[in-house]
Colleague: 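Structure incoming, see below.
Below, chain A is the first sequence line, B the second, and so on; all start at residue 1. Only this structure's heavy atoms are used, side chains among them; waters, hydrogens and symmetry mates stay out.
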Protein chains: 2
Amino acid sequence: MDQNKIPQATAKRLPLYYRFLNNLNHQGKRRVSSKELSEAVKVDSATIRRDFSYFGALGKKGYGYNVEYLLGFFRKTLDQDEVTDVALIGVGNLGTAFLNYNFLKNNNIRIQMGFDADPAKVGTAISDVPIYHIDQLEEKMKGIEVAILTIPAEEADTVTEKLVSLGITGILNFTPARITVPDHIRVHHIDLAVELQALVYFLKHYPLKKGPVEE
Amino acid sequence: MDQNKIPQATAKRLPLYYRFLNNLNHQGKRRVSSKELSEAVKVDSATIRRDFSYFGALGKKGYGYNVEYLLGFFRKTLDQDEVTDVALIGVGNLGTAFLNYNFLKNNNIRIQMGFDADPAKVGTAISDVPIYHIDQLEEKMKGIEVAILTIPAEEADTVTEKLVSLGITGILNFTPARITVPDHIRVHHIDLAVELQALVYFLKHYPLKKGPVEE
DNA sequence: ATATAATTGTGAAATATATCACGACTTCTT
DNA sequence: AAGAAGTCGTGATATATTTCACAATTATAT
Ligand SMILES: NC(=O)c1ccc[n+]([C@@H]2O[C@H](COP(=O)([O-])OP(=O)(O)OC[C@H]3O[C@@H](n4cnc5c(N)ncnc54)[C@H](O)[C@@H]3O)[C@@H](O)[C@H]2O)c1
Ligand SMILES: NC(=O)c1ccc[n+]([C@@H]2O[C@H](COP(=O)([O-])OP(=O)(O)OC[C@H]3O[C@@H](n4cnc5c(N)ncnc54)[C@H](O)[C@@H]3O)[C@@H](O)[C@H]2O)c1
């Protein structure tokens with residue numbers, strides 16, 4: 001049932017398509033063309049058609065795509081029928097922001113518990129998510145396969161080792177550390193400082209149209 | 001002085017290299033090879049050499065790269081000698097987390113002011129960053145070219161229009177909305193829910209080695 | 001002084017992604 | 001019912017990025 005031939009670039013766009021299809025559905029739209037979708041998600045319409053085509057012929061020539069059908073298809077494809085539980089490690093500035101966000105609504109993902117090393121935080125709850133001590137990882141984290149890492153960079157390697165030994169398979173890493181994991185574990189990095197700095201770099205070195213490059 | 005031929009993929013990695021070179025320098029390391037750096041940043045060593053080579057011959061065969069020299073070079077390349085001021089729009093969960101983070105230290109970027117629509121937040125300061133009312137944008141935001149957008153998705157288009165009319169050139173957009181801007185404005189999207197959902201998708205559909213695909 | 005080991009920079013090849021452009025088919029209009 | 005308009009799916013092509021692999025050069029050991 002697995003389509004290992006779906007390009008990663010396509011896979012990364014699926015959640016985006018899914019969200020916009022949901023929006024359209026809520027607006028009562030019955031059909032949508034790759035052109036319309038393109039304007040909404042800012043992805044070239046040929047790319048959208050190509051993306052969809054990896055899953056078969058989902059549309060109808062001359063008509064477009066049926067919103068409800070497409071939505072249902074992607075819901076299954078993205079496993080949106082079952083809730084995915086994740087753990088959050090590091091209840092600081094970023095971690096707290098995530099705990100206050102409802103990933104269930106649109107993404108069917110639930111942060112089920114948080115862990116921190118600070119005794120002042122242990123035992124509390126944020127948006128109904130209980131916070132445990134990091135030493136309770138083994139005891140509490142049974143069955144959870146995905147972790148969000150929002151701890152100081154210095155702690156990243158130690159905590160990652162623990163997570164790996166407890167059977168985690170995926171980590172969303174917000175620390176600037178490039179953590180080391182065995183081959184069978186997937187890590188996605190979101191490096192906010194790098195993103196910001198890269199944006200600034202692009203602005204200065206790849207100016208878009210207006211404002212010609214001086215000097 | 002501009003090198004418009006540097007691939008975007010390379011440009012995105014520059015801040016990463018810069019940070020690790022900084023680390024090495026602090027550790028007192030004098031030289032580093034592409035292989036060592038590769039292990040630290042998890043980027044193939046050939047890719048690193050290729051990336052560096054776009055800027056000329058920065059290394060020495062049989063020796064590697066001089067850390068201090070490379071660091072100095074990238075500091076200039078990344079304009080790390082002057083502070084870049086940015087504005088943050090939307091002082092909620094995420095926005096507050098960013099305000100509490102010091103981007104100055106490693107990235108020479110300063111969030112100089114925040115804006116919000118909530119009167120309870122206006123007039124306060126978070127980590128010494130003053131919060132103004134969104135209606136004061138024009139009055140206060142003079143000279144700032146980059147904005148971080150952390151407002152509700154519904155507000156994204158309206159606020160973006162204002163930002164654009166006030167001469168912003170780059171936006172780091174954390175809302176799930178795909179905002180529409182003129183061609184000369186650069187928008188980078190960081191869509192946290194999409195990132196999380198994409199990670200989950202990859203885990204289920206592209207399992208790495210161990211744990212063969214069932215069903 | 002010589003041999004050995006390390007490491008760069010890069011042409012060439014491989015891989016990945018995006019876009020063009022059009023035949024085939026559907027829907028809409030009159 | 002016929003013609004016009006719209007839209008998909010996709011072969012071909014273009015572009016972007018990564019990786020291989022090796023000659024050239026430098027450093028190190030004996
Ligand atoms: N806040 C931002 O805007 C921002 C921006 C860029 C990068 N980051 C990175 O994200 C990470 C988190 O940032 P933050 O601002 O939320 O930091 P923070 O200091 O506010 O939060 C870190 C939390 O982790 C906890 N912690 C420390 N050691 C731990 C351990 N061993 N196990 C479990 N919990 C532990 C701390 O008690 C604290 O609550 C950092 O690595 C930071 O560099 C944050
Ligand atoms: N918090 C998360 O973990 C998370 C995850 C995924 C996506 N997001 C997205 O990031 C954005 C911010 O999320 P959040 O959790 O910080 O939301 P939030 O509701 O906590 O904060 C939004 C802030 O924007 C302010 N605001 C509303 N309208 C405004 C306007 N017109 N001008 C200026 N300020 C205005 C509000 O007063 C509030 O302080 C949202 O679009 C959300 O979908 C957040």
Colleague: CZ of B/R13 versus P of D/dT17: gap in Å, rounded?
Modeller: 8 Å

Colleague: Between C/dC20, D/dT17, C/dG9, which one does the side chain of A/D44 approach most closely?
Modeller: C/dC20

Colleague: Can you check the A/F52 CZ to C/dT19 C1' distance for me, whole Å?
Modeller: 17 Å

Colleague: Angle class for the B/Y132/B/F115 ring planes (parallel below 30°, perpendicular above 60°, tilted otherwise)?
Modeller: tilted

Colleague: Mind running salt bridge (Lys or Arg N to Asp or Glu O under 4.0 Å) on B/D44 and B/R50 for me, showing each step along the way?
Modeller: CA-CA 10 Å; B/D44 186 274; B/R50 175 79 62 192; over 6 Å; no

Colleague: Would you kindly give the CZ-to-P distance between A/R31 and C/dT26, to the nearest whole Å?
Modeller: 13 Å

Colleague: Here's a test of your reading of the structure: between B/G62 and B/D51, which maps to the more 5' nucleotide of DNA chain D?
Modeller: B/D51

Colleague: Can you measure B/E36 atom CD to C/dT8 atom P for me and round it to whole angstrom units?
Modeller: 9 Å

Colleague: Going through the distances and angles, do B/E36 and B/K29 end up as a salt bridge (Lys or Arg N to Asp or Glu O under 4.0 Å)?
Modeller: CA-CA 12 Å; B/E36 285 174 281; B/K29 281 211 79 173; 2.4 Å; yes

Colleague: Does the side chain to side chain contact (heavy atoms under 4.5 Å, CB included) test come out yes or no for B/F55 and B/L14, once each step is laid out?
Modeller: CA-CA 11 Å; B/F55 298 95; B/L14 297 182; 3.7 Å; yes

Colleague: Whole angstroms only, please: what is the CG-P distance between B/L70 and C/dT7?
Modeller: 15 Å

Colleague: Look at the side chain of B/K61 and decide which nucleotide, out of D/dT10, D/dT25, D/dC8, has an atom nearest to it.
Modeller: D/dT25

Colleague: Is a side-chain donor or acceptor of A/T10 paired with a backbone partner of A/I6 at a separation under 3.5 angstrom?
Modeller: no

Colleague: What's the closest nucleotide to the A/R49 side chain, out of C/dT26, C/dA18, D/dG9?
Modeller: D/dG9

Colleague: Just to be sure I understand the rule, does A/Y65 reach a base, reach only the sugar-phosphate, or reach nothing, if contact means heavy atoms closer than 4.0 Å?
Modeller: sugar-phosphate

Colleague: Distance check needed: C/dG9 P versus B/K35 NZ, whole Å only.
Modeller: 17 Å

Colleague: So does A/S34 get a side-chain nitrogen or oxygen closer than 4.0 Å to the phosphate oxygens (OP1/OP2) of D/dT7?
Modeller: no

Colleague: What nucleic acid atoms does A/T10 come within less than 4.0 Å of, heavy atoms only: base, sugar-phosphate, or nothing?
Modeller: nothing

Colleague: Please report the distance, rounded to the nearest Å, between CG in A/L58 and C1' in D/dT7.
Modeller: 14 Å

Colleague: Which of these nucleotides, C/dT10, D/dT19, D/dA27, is closest to any side-chain atom of B/K60?
Modeller: D/dA27

Colleague: Nearest whole angstrom, please: distance from the P of D/dT10 to the CD1 of A/I48.
Modeller: 16 Å

Colleague: Is the distance from OP1 or OP2 of D/dA21 to the nearest side-chain N or O of B/R50 less than 4.0 Å?
Modeller: no

Colleague: I want to verify a distance call: between D/dT18, C/dC20, C/dT17, whose nearest atom is closest to the A/P7 side chain?
Modeller: C/dT17

